[in-house]
Each structure stands twice: as structure tokens, then as C-alpha cells.
Amino acid sequence: PLALIAAAVLGYLLGSIPFGLVLTRAAGLGDIRAIGSGNIGTTNVLRTGRKDLAAATLLLDAIKGTIAVLIARYFWGVEAAIVAGLFAFIGHIFPVWLKFKGGKGVATYLGLLAAFAWPVAIVFALVWIAVAYTTRYSSASALTASLVSPIALLLFGYPREAILFALLSVALWYMHRANIGRLLDGTESKIGKKA
Ligand code: G3P
């Protein structure tokens, strides 16, 4: 149990680092939460016009999840890895540093997939790209990719992971409820549109 608690703390601490906020602030762009959708993720960082910062946000928000899982697995085993991954996701969405108002979890979801089942991380990325290419909606791309991923996990022989990621997908859809509303009434902003 001590290992699981350590894994939870490690996951939460890594997951709760709000890279989008940190990077844009360091670049002198002010508070990302006052721009565009107000979200701290890659899509909204892109609305500042800084593709480099958006790419760095995507990479770092993903890798923090990957690293949490890999460290926990190395030191404490598979169960601890699952706990670390779950708490990295929770940390990203509910960071204590931002009064528990964090991101929507897409990049971290991808980083966790990379750690648990890398072939399915590729499936996620391909679905995301395909939907983004056709619709130009980042939210719709993430929603579709997160719908496909648990099914892909089952098909690729990861039944336990399928359960974990089905849970994360539900949370991810819930975090996108405002985006879903905008998609339905046609007011969602498209990728690359500056704020
Ligand atoms: O899935 C992408 C999501 O994070 C959209 O971000 O800023 O448009 O709410 P945003």
C-alpha cells in the first residue's frame, strides 16, 4: 500500500505541472487562461500564435504522464503504474496549484497510452490527425480518438488497460462538455484560428 500511495503522489505531482501556463507565462504572453477558450492546453496555446510553445506544451503534458507511469512501474510494479497514471491524469485536470482548475486531459491521455500500450497511442494519434484534417476541430478529434482508444486496447489485447482508459475517456468527455455544446451549435473554434 505504501508503494501505491507513493505512486499516487508521484503521479499527481507530475501531472499537476501546468506546462501550457508555465511556458506561455515564461514567454511573456500573460495568462493563457484569459485567452481563447481559457484552457491551459496545446490547442489554446496555439491560439496565441506560438506554434513552438504549443508543440512544447503537447510534448511536456504528454511526457509527464509517460514518465509517471514508467517510474512507478520500475520501482513498484504494474499496479503502482496504473495508480500513477490515473493520478497523473487527475493531477492535470485538478492541479492544486491552480485551485484545481486544470486542463482537459488530451495530451496526458496520449502520454499515458504511450506508456501502457504504445501501438494504441499511435492509433489515437492517427485518429486525432484524421479527424483534425477533415473537421479542423481539436475537440472533436480528441473526443473521437478517446472513443476509439478503449476499443483498440481491447482489440490489441490490453483488456485491463481498456478499463482504465474507458474511465479516462469518460472524464475526458466530461471535461469537454463546453466544447461539445459549441460543436453542436456550430460555434466551436477551428484549429489555428488566433484568439
Ligand atoms: O481536445 C482539445 C481541447 O483541449 C480543446 O481545447 O482550448 O479548444 O477548449 P480548447
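We count ligands from 1, going down the list as the structure has it; atoms in each ligand are counted the same way. Counting begins at 1 with the first residue of the sequence.
More than 12 heavy atoms of other residues, nucleotides or ligands sit less than 6.0 Å from atom CG of Leu184.
Taking the side chain as every heavy atom from C-beta outward, Arg47 and Asn44 approach each other to under 4.5 Å. Considering only heavy atoms from C-beta on, Pro119 comes within 4.5 Å of Tyr158 through its side chain.
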Could you list each nitrogen or oxygen of ligand 1 that sits under 3.5 Å from a protein nitrogen or oxygen, with the atom names and the distance?
unit_1, atom_1, unit_2, atom_2, d
ligand 1, 1 (O), His176, NE2, 2.7
ligand 1, 7 (O), Ser37, OG, 2.5
ligand 1, 7 (O), Arg47, NH1, 2.8
ligand 1, 8 (O), Arg47, NH1, 3.4
ligand 1, 8 (O), Arg47, NH2, 2.7
ligand 1, 9 (O), Ser37, OG, 3.4
ligand 1, 9 (O), Lys104, NZ, 2.5
ligand 1, 9 (O), Asn179, ND2, 3.0

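Ala54 is linked by a side chain to side chain contact (heavy atoms under 4.5 Å, CB included) to Thr42, Val45, Leu46, counting only residues two or more places apart in sequence or in another chain.
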Could you tabulate the donor-acceptor pairs under 3.5 Å formed by side-chain atoms of residues 79-98, not counting sequence neighbours?
unit_1, atom_1, unit_2, atom_2, d
His92, ND1, Lys64, NZ, 2.9
Trp97, NE1, Ser16, OG, 2.7

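Listed by first and then second residue, the side chain to side chain donor-acceptor pair (under 3.5 Å) pairs involving residues 143-153 are Ser146-Trp173 (not counting sequence neighbours).
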